[in-house]
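Here the structure is laid out as structure tokens; the discussion comes afterwards.
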Amino acid sequence: MARQSPTNSTSSAVKIMAAANQPIHPPSNVPLNDDDLSFFANVLEEFARSQWTGHQLEIAAMMARTMCDLNKEQQSLRVEGYMIERQNGCLVENPRLRAVKSLTGDLLALRRSLGVNARARDEAHVADKKTGLAKSIEKNSPLNDTLLARPS
């Protein structure tokens, strides 16, 4: 396996700048609806644009769907209440509560898989430093100005 060049190397900076100008689209094999897209955009902010792989984007899309579903279920649960009354007058736990708990567990598992919680591949402070450096390079990229011609 080839060793990655350090994030602060010139070759890495060039790759990061090039990736910063490429749009990131949800993967076609994990379809998202309009409600999911805002969650997807928020998940993408966890890493620099240059750090995303195809598989990570699939997990990010699944995370966005789960977050959207969880949000909808929680909103419904707030309206309906945690306890509901059956036809016979008995109060029981709202079955939607089980769905919320399940979606919460799914979301936490996806976060761990993506490495959002502890940045699984690196120590947290190392990953944060790399992400911060990459985001800084992306933000200050000379490719962002209008002075250079770009291929269309």
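Values below: every heavy atom of this structure, side chains too, minus hydrogens, waters and symmetry copies.
- Considering every non-hydrogen atom in both Pro26 and Leu37, the closest pair reads CG-CD2, 3.8 Å.
- Note that CE of Met67 is 12.0 Å distant from CG of Leu103, once rounded to the nearest 0.5 Å.
- With Glu73 as reference, Arg96 is the one residue of Arg96, Arg98, Lys101 to meet the salt bridge (Lys or Arg N to Asp or Glu O under 4.0 Å) rule.
- Annotation for Phe40 and Leu57: closest pair CE1-O, 3.9 Å, computed over non-hydrogen atoms.
- Contact annotation: the side chain of Arg65 approaches that of Pro31 to within less than 4.5 Å [non-hydrogen atoms, C-beta and beyond].
- The neighbour count for Asp34 CG, taken as heavy atoms of other residues, nucleotides or ligands under 6.0 Å away, does not exceed 12.
- Atom OG of Ser113 and atom NE2 of His55 lie 5.5 Å apart (nearest 0.5 Å).
- Closest of all the heavy-atom pairs between Trp52 and Leu44 is NE1-O, 3.3 Å.
- Across all their heavy atoms, Asp36 and Leu32 have their closest contact at OD2-CA, 3.6 Å.
- One hydrophobic cluster holds both Tyr82 and Val100 under the rule that ILVMFWY side chains link at heavy-atom gaps under 4.5 Å.
- A donor-acceptor pair is defined here as one N or O able to donate and one able to accept, closer than 3.5 Å; no such pair exists between the side chain of Glu46 and the backbone of Val43.
- With Thr66 as the partner, the side chain to side chain contact (heavy atoms under 4.5 Å, CB included) test is satisfied by one option alone out of Asn71, Leu107, Thr104: Leu107.
- Taken to the nearest 0.5 Å, the CD atom of Gln75 stands 10.0 Å off from the CG atom of Leu70.
- A donor-acceptor pair shorter than 3.5 Å can be found between the side chains of Gln56 and Thr53.
- Across Asn94 and Gly81, no two heavy atoms sit closer than the pair ND2-O, 3.0 Å.
- The line from CE of Met63 to CG of Asp106 is 12.0 Å long, rounded to the nearest 0.5 Å.
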